[in-house]
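For reference, the structure discussed in these notes is given below.
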Amino acid sequence: MFGHDGEAVHVSAPAVPGGDQRSDDAAAAPGDEKRAGIPIDESGEHLGIVRSRAVGASRDLPQVQDGAELLLSRRSDVELSRRGQLLVPRLRSQRVAKGNFTMLELDGHEVRLSNPDKVYFPKPGWTKLDIARYYVDVTEAALVHVRERPTVMKRFVNGIMEDPIWQKRVPQKVPGWLQTGTVAFPSGRTAEELVANDAAHLVWAVNLGVIDFNPWPARRGDLDHPDELRVDLDPTPGIKWDAVRRTAMVVRDVLTEHGLRGYPKTSGSKGIHVNVRVEPSWDFLEVRRAALALAREVERRVPKLATAEWWKEKRHGVFVDYNQNARDRTVASCYSVRPTPDARVSCALDWDEVPDVEPEDLRLDTVRDRLATVGDPAADIDEHAGSLEGLLDLARRDEEEGLGDAPWPPHFPKQKGEPKRVQPSRDRDRPTHRGRAGDPQPGGPPPGTRTGGLQRGFGSKPRTGQGYEDEFED
DNA sequence: GGCGCTT
DNA sequence: AAGCGCCAACGCCCG
DNA sequence: CGGGCG
């Protein structure tokens with residue numbers, strides 16, 4: 001096993017002079033990232049460790065190497081707190097020797113990994129170094145989905161048991177070689193986000209506590225025109241995994257019939273994602289509109305299986321979350337490790353694997369071997385950019401039949417044509433609403449307000465698990 | 001996790 | 001040198 | 001103000 005024993009990691013080597021805040025390295029040109037062929041071994045040397053320090057820190061701590069066992073056995077560090085509906089053990093803090101670090105040589109840059117032995121996944125004992133090692137080993141496959149894309153950093157600074165810190169803007173002080181891209185939010189505000197173009201960038205982010213990468217669906221060169229439509233399938237509570245797989249197969253059919261090729265992957269949590277590479281010729285509004293049309297079509301075909309309803313109280317089955325295609329929404333990228341207790345990976349699949357795939361088999365400790373043996377089913381996604389016209393035609397037909405826009409997520413300004421953004425059960429003007437005696441009778445919706453007709457196919461989504469979710473409770 | 005200011 | 005405070009998303013709609 | 005939703 002690639003270990004958290006620490007020994008292999010703390011390879012002594014001549015110190016390398018200089019800090020890591022230099023800016024002399026020219027930024028690699030987009031697309032020509034190079035990485036030394038790195039054999040997988042147990043020594044840690046394949047990571048290009050050039051320098052490290054490992055000392056026992058606090059008086060009450062043994063050596064850093066024992067950190068994992070210490071963490072797992074210290075019940076006094078556990079508190080119960082309410083998270084969702086369940087009482088979940090929460091770690092108050094990690095007890096890791098302070099000041100330890102490892103310097104990695106990647107892509108011609110020195111990347112510092114602080115606290116490499118800090119346990120991020122308590123159950124299997126995987127550490128920050130294990131995560132870095134994973135990403136170095138799968139760099140080629142992972143980069144396909146993050147390269148040139150501004151990326152949100154969801155930082156699990158204290159491992160998966162604690163809530164993450166969301167960080168869009170890169171820190172003020174970063175290495176000179178770090179690549180970034182400036183995105184504009186719907187409000188007009190902007191943020192300079194990470195653009196992870198090589199292994200050094202991936203590991204730099206891992207050092208800050210990043211476990212999964214959440215890139216924009218558009219590339220730095222044209223951030224107003226997404227080149228990826230994302231189909232996010234998420235089962236509502238109680239829905240079997242097989243329903244998700246079967247829904248994915250329906251998604252495949254709808255995409256194919258509209259001239260598009262989908263690339264399925266496990267979400268690493270409870271769902272499946274299907275990424276669709278499209279020509280960057282449509283804006284966010286249009287991509288979301290296409291995604292909404294697709295979601296509604298899937299629901300029409302298998303109404304007992306799938307739903308495109310935004311409001312949870314109206315969802316049944318597998319939710320097709322069209323809203324993940326709104327500007328500023330992101331989804332964990334392919335080959336990202338997910339913050340689940342068993343360190344699942346969002347792993348690309350061939351369509352013929354989908355009917356039988358079991359997400360628990362695809363983990364931080366198994367996906368590198370899978371890539372080496374069966375290869376990467378998503379490797380050619382960039383060679384198959386399609387047109388959105390087919391789905392937009394479908395959207396047009398829906399609209400002609402009276403289906404308007406569907407609700408947008410919180411934080412977004414009210415959109416033109418958007419229906420009332422309120423939970424149906426709380427809508428005063430709900431058609432079937434029975435007011436109490438004395439209440440005014442609102443009648444129907446405000447006249448002239450609706451361009452469309454029926455409220456059918458409004459979509460929504462129950463969240464795709466970020467973090468530690470109840471279904472993973474031990 | 002990192003920085004900058006204070007002991 | 002160690003300790004401490006502080007910071008690290010999006011920010012609207014509806015009742 | 002609380003609740004919607006990822």
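The chains referred to below are lettered A, B, ... by the order of the sequence lines, with proteins before strands, and numbering in each begins at 1. As a basis for the values below, the full set of heavy atoms in this structure was taken, side chains included, without hydrogen atoms, waters or symmetry mates.
- For A:Asp222, the side chain to side chain donor-acceptor pair (under 3.5 Å) test picks out A:His225, with sequence neighbours left out.
- Put simply, A:Arg169 has a side-chain N or O that comes within less than 4.0 Å of OP1 or OP2 on C:dC10.
- A:Val422 comes within 4.0 angstrom of sugar-phosphate atoms only, judged by non-hydrogen atoms across all strands, and of no base.
- Nearest nucleotide to the side chain of A:Gln423, out of C:dA9, D:dG4, B:dG1: D:dG4.
- Taking atom NZ of residue A:Lys118 and atom C1' of nucleotide B:dG1, one finds them 8 Å apart after rounding to whole Å.
- In this structure, A:Asn214 does not reach the C:dA9 phosphate: none of its side-chain N or O atoms is under 4.0 Å from OP1 or OP2.
- Spacing between C:dG11 and D:dG3 at atom C1', rounded to whole Å, works out to 15 Å.
- Across all strands, A:Ile165 comes closer than 4.0 Å to base atoms (heavy-atom distances).
- Two residues are said to be in side-chain contact when any heavy atoms from C-beta on lie closer than 4.5 Å; A:Tyr335 and A:Val144 fail this criterion.
- An OP1 or OP2 oxygen of B:dG2 is reached within less than 4.0 angstrom by a side-chain nitrogen or oxygen of A:Ser114.
- Atom CD of A:Gln415 is separated from atom P of C:dC14 by 12 Å (rounded to the nearest Å).
- Put simply, CH2 on A:Trp216 is 14 Å from P on C:dA9, counting in whole angstrom units.
- Counted by atom type alone, A:Asn158 and A:Lys118 present one or more donor-acceptor pairs between their side chains at under 3.5 Å.
- Side chains of A:Glu110 and A:Glu105 form a contact here, defined as non-hydrogen atoms less than 4.5 Å apart.
- C:dA8 and B:dG4 are spaced 15 Å apart, taking the C1' atom of each and rounding to whole Å.
- Just one residue in the list A:Arg289, A:Arg288, A:Lys416 forms a salt bridge (Lys or Arg N to Asp or Glu O under 4.0 Å) with A:Asp405, and that residue is A:Arg288.
- Heavy atoms of A:Lys414 sit under 4.0 angstrom from primed sugar atoms or phosphate atoms, though from no base atom.
- Taking the C1' atom of each, C:dA9 and D:dC5 are spaced 15 Å apart, rounded to whole Å.
- Of all nucleotides listed (B:dG1, C:dC10, D:dG4), C:dC10 comes nearest to the side chain of A:Phe185.
- Take A:Phe213 and apply the ring pair (Phe, Tyr, Trp, His ring centres under 6.0 Å) test, not counting sequence neighbours, and it matches A:Tyr135.
- In this structure the side chain of A:Arg344 never reaches within 4.5 angstrom of the side chain of A:Thr266, judged on heavy atoms.
- Residue A:Tyr322 has no polar side-chain atom (N or O) positioned under 4.0 Å from OP1 or OP2 of D:dC5.
- For the side chain to side chain contact (heavy atoms under 4.5 Å, CB included) test, residues two or more places apart in sequence or in another chain that qualify with A:Gln423 are A:Trp311, A:Glu313, A:Ser425, A:Arg426.
- Among the heavy atoms of the strands lying under 4.0 Å from A:Pro413 are primed sugar atoms or P, OP1, OP2 only; no base atom is included.
- Residue A:Lys416 contributes atom NZ, which lies 16 Å from atom P of C:dC13 at whole-angstrom precision.
- Atom CG in A:Leu113 sits about 11 Å away from atom C1' in B:dG1, given to the nearest Å.
- Across the protein-nucleic acid pair, A:Asp328 atom CG and D:dC5 atom C1' stand 14 Å apart, rounded to whole Å.
- Going from atom CZ of A:Phe412 over to atom P of D:dG4 covers 19 Å, rounded to whole Å.
- Ranking C:dG11, B:dG1, D:dC5 by closeness to the A:Ser187 side chain, first place goes to C:dG11.
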message: Show, in sequence, the C-alpha distance, side-chain angles and deciding distance for A:Asp398 and A:Arg300, and conclude whether the salt bridge (charged side-chain N to carboxylate O under 4.0 Å, His left out) test is met.
response: CA-CA 11 Å; A:Asp398 280 352; A:Arg300 272 193 294 267; 3.1 Å; yes
query: How is the base pairing of DNA chain D summarised as a dot-bracket string, given the Watson-Crick and G-U wobble criteria with both distances under 3.5 Å, [ ] for crossing and | for another strand?
result: ||||.|
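- Side-chain N/O atoms of A:Lys154 include none lying less than 4.0 angstrom from OP1 or OP2 on C:dA8.
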Please produce a list of atom pairs where a protein N or O lies less than 3.5 Å from an N or O of nucleotides 4-7 of chain B.
none

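- You'll find the side chain of A:Leu194 reaches within 4.5 Å of the side chain of A:Trp204, heavy atoms only.
- With sequence neighbours left out, A:Ser114 forms a side chain to side chain donor-acceptor pair (under 3.5 Å) with A:Lys128, A:Asn207.
- Note on A:Arg189: only backbone sugar-phosphate atoms sit closer than 4.0 angstrom, heavy atoms only; bases stay farther off.
- Phosphate proximity of C:dC14 to A:Arg421: absent, as no side-chain N or O sits under 4.0 Å from OP1 or OP2.
- If you check C:dA1 for Watson-Crick or wobble pairing at under 3.5 angstrom, you find it paired to B:dT7.
- Taking atom CD of A:Gln167 as the reference point, atom C1' of B:dG2 lies 10 Å away to the nearest angstrom.
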